[in-house]
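Note: hydrogens, waters and symmetry copies are ignored here, and every other heavy atom, side chains too, is used. Sequential numbering from 1 along the given sequence is applied to the chain's residues.
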Amino acid sequence: MGKAKDGAAPGATESGPVENALARMRIAQPGMAKGARRIADYILAQPEEIVRMSVTELSEAVGVSEGSIINFCRGIGLTGFQHLKLSLAREIVQPVQFIHEDVGRDDDMDTICRKVFHSGIQALRDSLSVLDPQALSRAVAAIRGAKRVEIYGIGSSAPIAEDTHYRMLRIGLDARVVIDSHVQAISASRCDPDVAVLTISHSGATHETVAATRLAKEAGARTIVITNFARSPIQAHADIVLFTMARETRFRTEAMTSRIAQLCVVDALIAALALDDYERSTETLRKTFEVLSIKRF
């Protein structure tokens, strides 16, 4: 279980348990190495038992080293095995209010609405728990220190990239959005150390956006990635990672849960950027509001 440079282990603090250790495991599970996946399988099958076990007992039960257990815990954003036990105890005693549910063919309209809304709410709760404020601060510094910002997104992330571009323009940043994979490659290859690149990718495994982020980093740009909490290829080319945590379901793959989470991370980033240069941002917002007022009746 590797981790990226910035923001790779959000919530890793001795101050208290995290709220969603089990959700972190389920989301990260597909990208785990074989040994780590065995640990996750064992914990997910019997979280109540783990709370009463020592790290030695768990390592013997799973057939891995104690060090592998510790590395597993750190890979999902915890400081170690005791932090995992605290988090599991809290989750068992106070289970989360909203459960991820897929819609069924026999669901009535009220049930469909409830499931969809609750999934969105849970995605926001989980994403807040893994979003690292320090990584967000580094992203603000990187963008503010750049002469230009390039924003990349493909598929369902493209509308989020376009919205981010619009929001950055409103606060006076020199930003460009690229949602065509060929143009992304050209744009990325022409970056330099004065450019900050923000890539939005839920999976972090889309060939086009991974390639564009890699090219941008190789060209000297500061690379920032918004992606779902799990190990993914794009993180190898990211200087800063801002995590979301949204689970897709059978009927809702590429669904709104991931985009809702991405939009909230973007909102937090824009707010932090605006506050970082408050006077200029508010003045630019006032001017752009006046310009846009001619579009309204």
Working to the nearest 0.5 Å, report the span between [atom1] of [X] and [atom2] of [Y].
| X | Y | atom1 | atom2 | value |
| --- | --- | --- | --- | --- |
| His165 | Ile160 | NE2 | CD1 | 15.0 Å |
| Glu48 | Leu88 | CD | CG | 9.0 Å |
| Gln122 | Phe117 | CD | CZ | 15.5 Å |
| Ile112 | Asp108 | CD1 | CG | 7.0 Å |
| Ser54 | Ile69 | OG | CD1 | 10.0 Å |

[X]: which residues meet the side chain to side chain donor-acceptor pair (under 3.5 Å) condition with it, sequence neighbours left out?
| X | result |
| --- | --- |
| Glu49 | Arg52 |
| Glu283 | Arg286 |
| Glu162 | none |

Look only at the side chain of [X] and the backbone of [Y], and say whether a donor-acceptor pair between them is shorter than 3.5 Å.
| X | Y | result |
| --- | --- | --- |
| Ser129 | Asp126 | yes |
| Ser187 | Val183 | no |
| Glu150 | Val197 | no |
| Arg24 | Ile76 | yes |
| Arg148 | Asp174 | no |
| Arg38 | Gly63 | yes |
| Lys85 | Met53 | yes |
| Thr223 | Asp239 | yes |

Arg144, CZ atom: more than 12 neighbouring heavy atoms under 6.0 Å: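 More than 12 heavy atoms, drawn from other residues, nucleotides or ligands, come within 6.0 Å of this atom.
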
Among Val177, Ile151, Ile200, Leu263, the one residue meeting side-chain contact (heavy atoms from CB on, under 4.5 Å) with Asp163: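 Answer after filtering Val177, Ile151, Ile200, Leu263: Leu263.
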
Step-by-step side chain to side chain contact (heavy atoms under 4.5 Å, CB included) determination, Asp267 to Arg167: CA-CA 9 Å; Asp267 268 353; Arg167 304 284 302 285; 2.5 Å; yes

